[in-house]
Amino acid sequence: VETDIETYKTPTVYEGDTKNFALIPVDLKTRCGEHNIKISLSDSVFEFKVNVSSVSNGFAMKNIGAEIYNTVNSPNGISENEKFISSLVSKTNSQFLWENSTFSNPVDGEIDTGFAWEVLYNGAPPQVLFEGNSFGVPEKTSVKSAAKGKVIFSGETSKTGKAVVIDHGCGIMSHYYHLSVLSATVGEEIDANKLVALSGKTGYTDKADLYFAVSINGVYVNPDLFK
């Protein structure tokens, strides 16, 4: 697969039950306009274009503590997050690990900041597009796995706070951030709707919540696509 749409990993052609497929995520920061995609398979070549346009689903303001705000937005903080995402991409399984075609919500609660909302942090431009769904739940709410998979990260980074990441295969991962207590362990094979952590207010957040995200090849995509 060849494309000018940037991801952390070159898109791969996977073998399905009846058809082959490739997953090509579009980052929220991708330039608007036409992008080229070329798929070569055996002696066949398919070339086409996709049009990317901008979208904003809402607006929110957040006030992050000065210390964590400065840490995450420093060159070292940005580099730490890039390395974190890159390290996850290399761990995906080449086969689908979950059985149903949909993900369940990891908590019972309302989304107070959603995917592709414009967010202004600490009153300082520029506004950024939110890359997941923030569920407004109290601290230490039970967080459950959205689907069957394998735990590939259970730890902490400056931006994510305490976090769990589950690989569902073929580059698809679910992310659970801002946690207070981690229950899942790296290498654990986990079924859907199983306890993985308790929600919290660690990392880049201004309040207790669950930051839930889904990524493909290291690019965050709308979690609602999997409902």
Side-chain angles (χ1 to χ4, degrees), residues 1-16 18-59 72-98 101 103 114-121 125-133 149 152-153 157 159-160 165-175 177 204 211-227:
V1 179
E2 300 176 37
T3 177
D4 58 354
I5 297 175
E6 294 185 8
T7 69
Y8 283 84
K9 176 185 176 183
T10 301
T12 302
V13 175
Y14 297 101
E15 291 186 7
T18 58
K19 296 180 180 180
N20 295 327
F21 65 93
L23 300 173
I24 305 174
V26 179
D27 193 287
L28 285 170
K29 298 182 287 292
T30 298
R31 170 185 56 81
C32 293
E34 286 191 341
H35 291 267
N36 300 309
I37 296 176
K38 178 180 179 181
I39 300 177
S40 303
L41 186 62
S42 299
D43 296 328
S44 301
V45 177
F46 306 91
E47 294 187 70
F48 54 96
K49 297 180 181 291
V50 295
N51 187 62
V52 175
S53 58
S54 62
V55 62
S56 173
N57 292 332
F59 175 78
V72 168
N73 291 292
S74 69
N76 286 342
I78 294 171
S79 175
E80 177 194 33
N81 190 59
E82 291 282 330
K83 290 177 181 177
F84 167 65
I85 297 297
S86 295
S87 70
L88 297 176
V89 171
S90 65
K91 300 174 183 177
T92 190
N93 194 291
S94 61
Q95 301 293 323
F96 280 125
L97 302 180
W98 92 94
S101 59
F103 283 8
F115 184 83
W117 280 35
E118 293 181 89
V119 179
L120 183 65
Y121 287 98
Q127 295 164 193
V128 299
L129 292 174
F130 209 61
E131 295 179 314
N133 286 336
I152 58 172
F153 183 85
T157 75
K159 187 171 184 178
T160 66
V165 182
I166 300 174
D167 175 39
H168 304 288
C170 298
I172 301 171
M173 300 177 185
S174 58
H175 306 245
Y177 296 164
Y204 200 66
Y211 188 113
F212 174 64
V214 175
S215 68
I216 299 176
N217 292 343
V219 174
Y220 292 114
V221 298
N222 191 344
D224 293 344
L225 294 173
F226 292 83
K227 285 187 174 181

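For the numbers below, each heavy atom of this structure counts, side chains included, while hydrogens, waters and symmetry mates do not.
- When each of Phe115, Trp117, Tyr211, Tyr204 is tested with Phe130 by the rule ring-ring contact (aromatic ring centres under 6.0 Å, His included), just one qualifies, namely Tyr211.
- One finds the CD1 atom of Ile216 at 5.0 Å from the CG atom of Leu23 (value rounded to the nearest 0.5 Å).
- Less than 6.0 angstrom separates the ring centroid of Phe96 from the ring centroid of Phe21.
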Worked check of side-chain contact (heavy atoms from CB on, under 4.5 Å) between Asp4 and Arg31: CA-CA 10 Å; Asp4 58 354; Arg31 170 185 56 81; 4.1 Å; yes
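- For the atom pair Glu131 CD and Ser215 OG, the distance stands at 10.0 Å (nearest 0.5 Å).
- In this structure, Ser174 and Phe212 approach most closely via the heavy-atom pair CB-CE1, 3.9 Å.
- You'll find the side chain of Ile24 reaches within 4.5 Å of the side chain of Ile37, heavy atoms only.
- Contact of the Asn73 side chain with the Tyr121 side chain is not registered, since no non-hydrogen atoms from C-beta on lie closer than 4.5 Å.
- Looking only at distances, no side-chain donor or acceptor of Ser79 sits under 3.5 Å from a matching main-chain atom of Pro75.
- Between Val219 and Val26, the closest heavy-atom pair is CG1-C, 3.9 Å.
- Taking the six-membered ring where tryptophan is involved, the planes of Phe103 and His168 are tilted, since the angle between them lies from 30° to 60°.
- When every heavy atom of Pro11 is checked against every heavy atom of Thr3, the shortest pair comes out as CG-CG2, 4.3 Å.
- The minimum heavy-atom distance between Val72 and Lys159, with the atom names listed, is CG2-CA, 3.8 Å.
- Side-chain contact between Ile85 and Tyr220 is present, with at least one heavy-atom pair separated by less than 4.5 Å.
- Here the straight-line distance linking atom CG of Asn222 with atom CG of Asn57 works out to 7.0 Å at 0.5 Å rounding.
- Counting only heavy atoms from C-beta outward, the side chains of Val128 and Leu28 never approach each other to under 4.5 Å.
- We find the NE2-CZ distance between His175 and Phe153 to be 11.0 Å, quoted to the nearest 0.5 Å.
- Surrounding NZ of Lys91 are more than 12 heavy atoms belonging to other residues, nucleotides or ligands, all under 6.0 Å away.
- Annotation: the span from Met173 atom CE to Asn217 atom CG amounts to 8.0 Å, rounded to 0.5 Å.
- Interatomic distance, Ile172 CD1 to Leu97 CG, rounded to the nearest 0.5 Å: 9.5 Å.
- Of all non-hydrogen atoms in Gly171 and Thr92, the two that sit nearest each other are N-OG1, 2.9 Å.
- Between the side chain of Asp27 and the main chain of Glu6, no donor-acceptor pair closer than 3.5 Å is present.
- Within the 4.5 Å cutoff, the side chain of Lys38 has heavy atoms near those of the Val45 side chain.
- Here the closest heavy-atom approach between residue His35 and residue Ile5 is recorded as CB-CG1, 3.7 Å.
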